Amino acid sequence: MHSNSELVTHPDSPLSPPKSSDFRFPKSSRLLTPKDYAQVFADAEKFANRHWTLIVRANHLDYPRLGLAIAKKQLPRAVWRNRIKRIAREAFRLHKKELCGYDIVVLSRKGMQEIDSFALQKSFLHLVRKIRNSRLKSAPGRKERL
RNA sequence: AAAGUGGGUCGGACAACCGCGGAGGUUUUAGCCUCGGAGGAAAGUCCGGGCACCGCAGAGCAGGAUGCCAGCUAACCGCUGGGCGGCGUGAGCCGACGGCCAGUGCAGCAGAGAGUAAACCGCCGAUGUUCGUUUAGGCGAGCAGGUAAGGGUGAAAGGGUGCGGUAAGAGCGCACCGCGGAUCUGGUAACAGAGACGGCAUGGUAAACCCCAUCCGGUGCAAGACCAAAUAGGGAAACAUAGUCGCUGCUUGCAGCGGCGCUCUGCUGCUCGUAGAGGUUUCCGGGUAGGUCGCUUGAGUGAAGCAGUGAUGCUUUUUCCAGAUGAAUGGUUGUCACUCCUUUGGAGUACAGAACCCGGCUUAUAGACCCACUUUUCUU
């Protein structure tokens with residue numbers, strides 16, 4: 001729970017410059033094909049709060065993977081969608097360590113474009129903590145199905 | 001100085017750290033280094049073109065688009081210049097701006113009547129006729145009828161004003177204005193000016209059908225071209241099988257044919273009989289997932305000169321400026337700039353995000369700046 005204490009000590013600046021080395025975000029840590037997405041949606045847990053909805057599934061890899069499903073219906077402007085995607089990516093990138101072994105798909109909410117970036121960041125990290133504490137990847141039932 | 005008109009430019013800057021997509025280099029295939037990475041509208045997808053595939057002898061019909069004239073352009077519903085009409089003191093702005101004497105249609109209410117006009121009130125009743133009256137001439141009343149000058153209705157009453165004329169009136173006649181207009185002049189043209197003559201004709205509506213002139217094949221980069229795993233299926237070849245016996249050929253241990261026999265399936269459950277199939281490997285073509293190309297050097301950008309009122313064209317020169325594909329172009333911090341507020345501080349910096357590429361149009365846009373011009377006021 002070392003990373004948890006880090007979160008608590010810097011509640012005002014969740015995006016402060018990271019100290020450890022690996023915060024990169026290569027293609028291997030993204031969901032790239034429709035098949036990847038379908039797999040996550042087929043058998044997954046839902047984590048949600050006021051701003052975000054995250055679909056999470058254990059992937060049994062050493063690293064996490066992120067997918068973005070930002071619907072045009074909910075955020076009609078391209079600028080809005082880009083902004084939400086970038087916030088999600090940035091939050092994911094800076095907290096990869098805590099999400100190891102999970103595939104995550106981020107869903108959008110109507111009216112999201114009104115909330116400022118700082119609030120969205122904090123809200124995302126709240127869900128990150130919930131996922132990490134859930135111990136979903138060690139659940140036996142799901143392992144068998146893979 | 002204020003108010004305004006038209007056009008143009010920019011649309012936060014710099015640094016550090018953490019990241020993302022592309023190209024090149026290096027190379028220990030995972031890094032490292034270098035270079036560059038959103039817009040004026042990238043938007044709406046409303047027009048036009050390139051490009052790609054499909055269709056197509058030629059022509060016509062249908063359907064659609066455009067619509068004062070000339071020019072520019074690859075093309076256009078675009079742009080430039082000009083004309084006409086309207087608005088504004090003005091700089092300027094706005095205009096689907098061809099044709100309803102080819103045809104068909106439409107028009108509420110009011111009103112007597114609304115498109116081959118119409119007689120409600122009014123005026124007249126010369127002419128014709130009836131009656132009355134009078135010696136007679138004549139006079140009076142009525143009717144037939146005449147009349148669009150006046151009243152009234154209406155957005156609009158079938159040119160306006162005046163004089164003549166008349167029973168009363170009337171383009172019935174005349175003058176001026178308006179309208180049409182042979183012809184002449186200027187202009188490439190739209191159109192403008194003059195105008196013999198005509199005689200009141202020709203009301204409105206074509207974002208009503210329609211007519212006339214010009215133009216238009218369809219679908220869009222998920223176009224389209226290429227490479228192509230695995231699985232199933234198709235075709236071909238080689239090797240093998242459970243064997244054994246016989247025959248034939250010769251290169252003498254192989255090949256072919258036939259019988260018996262093995263496994264499975266069908267023909268009736270079984271037997272017999274009979275028919276069909278047999279395992280492995282390789283190759284070929286079609287083709288799915290997936291991948292590559294199309295994909296950014298182009299009607300390109302900047303500068304100068306020349307031609308043109310201008311849109312634009314030509315010549316020389318300069319430069320390479322995003323190419324993603326579950327989709328990059330970002331985040332944090334600091335300094336500065338500008339704006340606002342509740343002023344030791346805080347907040348904000350528009351509209352908005354490439355998806356094959358260009359030329360336009362339309363719409364959105366905090367704020368800042370520049371140029372030209374107009375009107376008003378003040379000072380000299």
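Every value quoted in this text rests on a predicted model; they were computed, and no experiment measured them. Proteins come first, then strands; the chains are lettered A, B, ... in the order of their sequence lines, and each starts at number 1.
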From [atom1] of [X] over to [atom2] of [N], roughly how many Å is that when rounded to an integer?
X         : N        : atom1 : atom2 : answer
Lys85(A)  : rG326(B) : NZ    : C1'   : 8 Å
Asp103(A) : rG326(B) : CG    : P     : 16 Å
Phe92(A)  : rG331(B) : CZ    : C1'   : 16 Å
Leu31(A)  : rG326(B) : CG    : C1'   : 8 Å
Leu94(A)  : rU333(B) : CG    : P     : 13 Å
Lys72(A)  : rG326(B) : NZ    : P     : 16 Å
Asn82(A)  : rG331(B) : CG    : C1'   : 14 Å
Ile84(A)  : rA352(B) : CD1   : C1'   : 16 Å

Going by the glycosidic torsion and a 90 degree boundary from 0, is the base of [N] oriented syn or anti?
N        : result
rA52(B)  : anti
rC264(B) : anti
rU375(B) : anti
rG40(B)  : syn
rG326(B) : anti

Quiz item: Mind checking what makes side chain to side chain donor-acceptor pair (under 3.5 Å) contact with Arg109(A), not counting sequence neighbours?
Solution: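 By the side chain to side chain donor-acceptor pair (under 3.5 Å) rule, Arg109(A) matches Thr53(A).
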
What donor-acceptor contacts under 3.5 angstrom involve side-chain atoms of residues 71-80 of chain A, with partners at least two apart or in another chain?
residue: Gln74(A); atom: OE1; partner: Ser108(A); partner atom: OG; Å: 2.6

Practice problem: Output yes when at least one side-chain N/O atom of Arg86(A) is less than 4.0 Å from OP1 or OP2 of rG353(B), else no. | Solution: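 Negative; the distance criterion is not met.
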
Quiz item: So, do Phe25(A) and Phe92(A) have ring centers that fall under 6.0 Å from each other?
Solution: yes

[N] pairs with, by Watson-Crick or G-U criteria that keep both distances under 3.5 Å:
N        : answer
rA190(B) : none
rG36(B)  : none
rG90(B)  : none
rA70(B)  : rU80(B)
rU252(B) : none

Quiz prompt | Base rG353(B) paired with Arg83(A) side chain (donor-acceptor, <3.5 Å) | solution =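 Flag unset: no donor-acceptor pair detected.
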
Self-check item: base_contact_polar (rC20(B) base, Arg93(A) side chain, donor-acceptor, <3.5 Å)
Solution: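 Check fails, no donor-acceptor contact within cut-off.
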
Quiz prompt | Val79(A), nearest nucleotide to its side chain (from rA352(B), rA354(B), rA327(B)) | solution = rA352(B)

Quiz item: If you look at every strand shown and take non-hydrogen atoms under 4.0 Å, does Leu32(A) touch a base, only sugar-phosphate, or nothing?
Solution: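 Touches a base.
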
Quiz item: What nucleic acid atoms does Arg81(A) come within less than 4.0 Å of, heavy atoms only: base, sugar-phosphate, or nothing?
Solution: nothing

Quiz item: Ion pair present between Asp103(A) and Arg57(A), side-chain N to carboxylate O less than 4.0 angstrom?
Solution: no

Quiz prompt | Side-chain donor or acceptor of Asn49(A) paired with backbone N/O of Ser123(A) under 3.5 Å | solution =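 Checked: pair present.
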
Each nucleotide N or O in nucleotides 21-25 of chain B that has a protein N or O under 3.5 Å away: list the pair and distance.
residue: rG21(B); atom: OP1; partner: Arg30(A); partner atom: NH2; Å: 3.3

